[in-house]
Amino acid sequence: NAGVTQTPKFQVLKTGQSMTLQCAQDMNHEYMSWYRQDPGMGLRLIHYSVGAGITDQGEVPNGYNVSRSTTEDFPLRLLSAAPSQTSVYFCASRLLGANYGYTFGSGTRLTVV
Amino acid sequence: ELKVEQNPLFLSMQEGKNYTIYCNYSTTSDRLYWYRQDPGKSLESLFVLLSNGAVKQEGRLMASLDTKARLSTLHITAAVHDLSATYFCAVDFQGGNYQLIWGAGTKLIIKP
């Protein structure tokens with residue numbers, strides 16, 4: 001049971017480049033989400049999904065797109081990278097209605113130069 | 001405004017001592033979570049608190065929830081070095097469409 005798998009683990013982008021961060025889970029969780037974590041701050045929600053074909057914006061969605069074509073995958077797209085998007089990105093999932101915590105991926109450390 | 005505030009944000013303590021981390025939140029919640037994060041690592045779920053008066057314990061850590069005061073505490077008993085980490089609380093607010101709001105984290109350093 002792999003849990004939540006994020007790729008890549010590290011990435012350096014130039015300003016203006018685009019890329020996709022991958023997130024996959026094999027636990028049949030309906031809910032998936034993307035967070036960014038910046039130094040000295042808690043996690044901030046970028047986008048989330050409660051099922052295939054359903055996505056919604058979180059607290060800081062600007063500059064990011066998501067789609068959810070399958071239950072397993074929830075990719076995060078950076079449209080035109082900016083230095084302000086330098087951060088650590090975490091994907092998390094949960095079974096809706098379950099009384100346990102979210103499962104997190106190992107994170108992607110992104111630097112935009 | 002949906003807010004979650006933790007204090008202290010930084011705590012340095014000696015092994016063997018007891019201490020408490022506080023988590024205040026601004027409005028009615030469905031669930032309150034405590035997570036642990038080691039440097040450069042992902043987040044590990046510690047506790048999920050669902051109702052007023054809920055208390056959960058795992059080893060030297062005990063979490064409690066007072067929904068009337070909108071307060072959760074994470075109590076550390078007889079701290080050991082291995083508990084050094086950053087601890088986060090996060091809240092699922094009622095009607096929040098599963099949008100977790102996170103505290104800023106408490107960096108805990110336990111000195112041998």
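Atoms considered below: every heavy atom in the structure, side chains included; atoms not considered: hydrogens, waters and symmetry mates. Lettering of chains follows the sequences in order, A, B, ..., and the numbering in each one begins at 1.
For the side chain to side chain contact (heavy atoms under 4.5 Å, CB included) with A:Tyr102, the qualifying choice from B:Leu43, B:Leu100, B:Val48 is B:Leu100, the only one to do so.
Linking ILVMFWY residues whenever their side-chain heavy atoms come closer than 4.5 Å, directly or via other members, leaves A:Val112 and A:Phe90 in distinct clusters. The hydrophobic clustering, which links ILVMFWY residues whose side-chain heavy atoms are closer than 4.5 Å, places A:Val4 and A:Val66 apart. Neither B:Tyr22 nor B:Leu11 shares a network with the other; the hydrophobic side chains, linked directly or stepwise wherever heavy atoms of I, L, V, M, F, W or Y lie under 4.5 Å apart, form separate groups for each. Transitive grouping of hydrophobic side chains (ILVMFWY, heavy atoms separated by less than 4.5 Å) brings B:Val80 and B:Tyr19 into a common cluster. Residues B:Ile76 and B:Leu49 share a single hydrophobic cluster, defined by chaining ILVMFWY side chains whose heavy atoms lie under 4.5 Å apart.
Of the two parts of A:Arg94, only the side chain, counted from C-beta on, holds a non-hydrogen atom closer than 4.5 Å to a non-hydrogen atom of chain B. Of the atoms belonging to B:Tyr35, it is side-chain heavy atoms, and not backbone ones, that fall under 4.5 Å from chain A. Using a 4.5 Å cut-off between heavy atoms, A:Leu43 touches chain B through backbone and side chain atoms alike.
Interatomic distance, OH of A:Tyr100 versus OG of B:Ser45, reported as 10.5 Å (0.5 Å rounding). Distance check, rounded to the nearest 0.5 Å: OH of A:Tyr35 to CH2 of B:Trp102 gives 6.0 Å.
Interface remark: of the candidates B:Leu9, B:Leu50, B:Thr86, B:Leu50 forms the most heavy-atom pairs closer than 4.5 Å to chain A. Most heavy-atom pairs under 4.5 Å with chain B: of the set A:Ser33, A:Gly42, A:Gly107, this distinction falls to A:Gly42.
B:Ser42 places a side-chain N or O within donor-acceptor distance of the main-chain N or O of A:Gly105, the cut-off being under 3.5 Å.
Counted within 6.0 Å of CZ on A:Arg109, heavy atoms from surrounding residues, nucleotides or ligands total 12 or fewer; the atom is thus considered open.
Side-chain contact between A:Gln37 and B:Phe88: present, with at least one pair of heavy atoms (C-beta onward) separated by less than 4.5 Å.
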